[in-house]
Amino acid sequence: MPDINLRLKRLGKKRIHTVPYSISSEVKTLEELIRACVEKEVDRFNESREEPKVFAFLTPAEIQSQSQDGKVSFGELANQDKADQEQAIAVALQAHEDGVFCVFIDDDEIRSASDSITLQDGSIVTFLRLTFLTGTLW
C-alpha cells in the first residue's frame, strides 16, 4: 500500500498542514480514498479517548508547538464519547458531494467520488476545504 503525503488546506488561510500518511488498503476510486482516510482518523480519534493522561504538565516545547495551532491545553478530555465510523464516512462523502471540500491528487482535481485514481509512493493528496461567503443565498 502506498505511503503518500496528505495536505490539508483551508481557503483564506496561508498555512498548509502536510503529514506523511500510510493507507492500509488498496484504493481505486476517490470514494475508497475518502473512506480509508476517515476510517484511519476515526480509529485514531477513538484510541485517544481510551488513553488516560498520566502527567498533567506541559514542557516549553509543547507550549510552543500548541501555540502555533492557536490553543494551548493539557489535553484533558471532557467528552469521552467515541465517533461512529460509518456515520463519519457518510458525512465525509456527503460533504464532498455538497462541495464543502475538493480533492487534488498530484495537482489534478478529482471531481467525482466514483472517479478512478492511482496512488503511488510519494503521491501528494490535497484536501482543500472551501470557505463559503457570508450572507443570504438569494
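Because the structure is predicted, anything quoted here is derived from the model rather than measured.
Side-chain atoms of Q94 and H96, non-hydrogen and from C-beta on, never get closer than 4.5 Å to each other. Side-chain contact between I117 and T29 is absent, with no heavy atoms from C-beta onward closer than 4.5 Å. Considering only heavy atoms from C-beta on, R7 stays 4.5 Å or farther from Y21 through its side chain. Taking the side chain as every heavy atom from C-beta outward, L93 and E31 approach each other to under 4.5 Å. Using a 4.5 Å heavy-atom threshold, the side chains of V103 and V125 count as touching. Side chains of L119 and I105 form a contact here, defined as non-hydrogen atoms less than 4.5 Å apart. For the pair R10/H17, no side-chain contact is recorded, criterion being any heavy-atom separation below 4.5 Å from C-beta on. Considering only heavy atoms from C-beta on, E39 comes within 4.5 Å of Q85 through its side chain.
Remark: K40 fails to qualify as a cation-pi partner of F45 under the 6.0 Å distance and 45° angle criteria applied to the six-membered ring.
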- Derivation and outcome, side-chain hydrogen bond (donor to acceptor under 3.5 Å, both in side chains), residues T18 and N5: CA-CA 7 Å; T18 304; N5 290 306; over 6 Å; no
- Query: Between I4 and I23, is a side-chain contact (heavy atoms from CB on, under 4.5 Å) present by the stated rule, with each step listed?
  - Reply: CA-CA 8 Å; I4 61 174; I23 297 180; 3.7 Å; yes
- Task: Could you go through the side-chain contact (heavy atoms from CB on, under 4.5 Å) check for F101 and L130 one step at a time?
- Result: CA-CA 5 Å; F101 68 93; L130 304 173; 5.6 Å; no
- Item | Chi angles and distances behind the side-chain contact (heavy atoms from CB on, under 4.5 Å) call for F104, L128 | CA-CA 8 Å; F104 294 86; L128 178 62; 4.0 Å; yes
- Task: Check the pair I89 / V91 against side-chain contact (heavy atoms from CB on, under 4.5 Å), numbers first and verdict last.
- Result: CA-CA 5 Å; I89 290 169; V91 168; over 6 Å; no
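With salt bridges taken as basic N to acidic carboxylate O contacts below 4.0 Å, none links E32 and R35.
The two atoms that bring S22 and D3 nearest to each other are OG-OD1, 3.1 Å, heavy atoms only.
N46 places a side-chain N or O within donor-acceptor distance of the main-chain N or O of A83, the cut-off being under 3.5 Å. The closest donor-acceptor contact from the side chain of D106 to the backbone of I124 lies under 3.5 Å.
T118 is linked by a side chain to side chain donor-acceptor pair (under 3.5 Å) to nothing, counting only residues two or more places apart in sequence or in another chain. With sequence neighbours excluded, no residue forms a side chain to side chain donor-acceptor pair (under 3.5 Å) with Q120.
A distance of 10.5 Å separates SG of C102 from CZ of F127, quoted to the nearest 0.5 Å.
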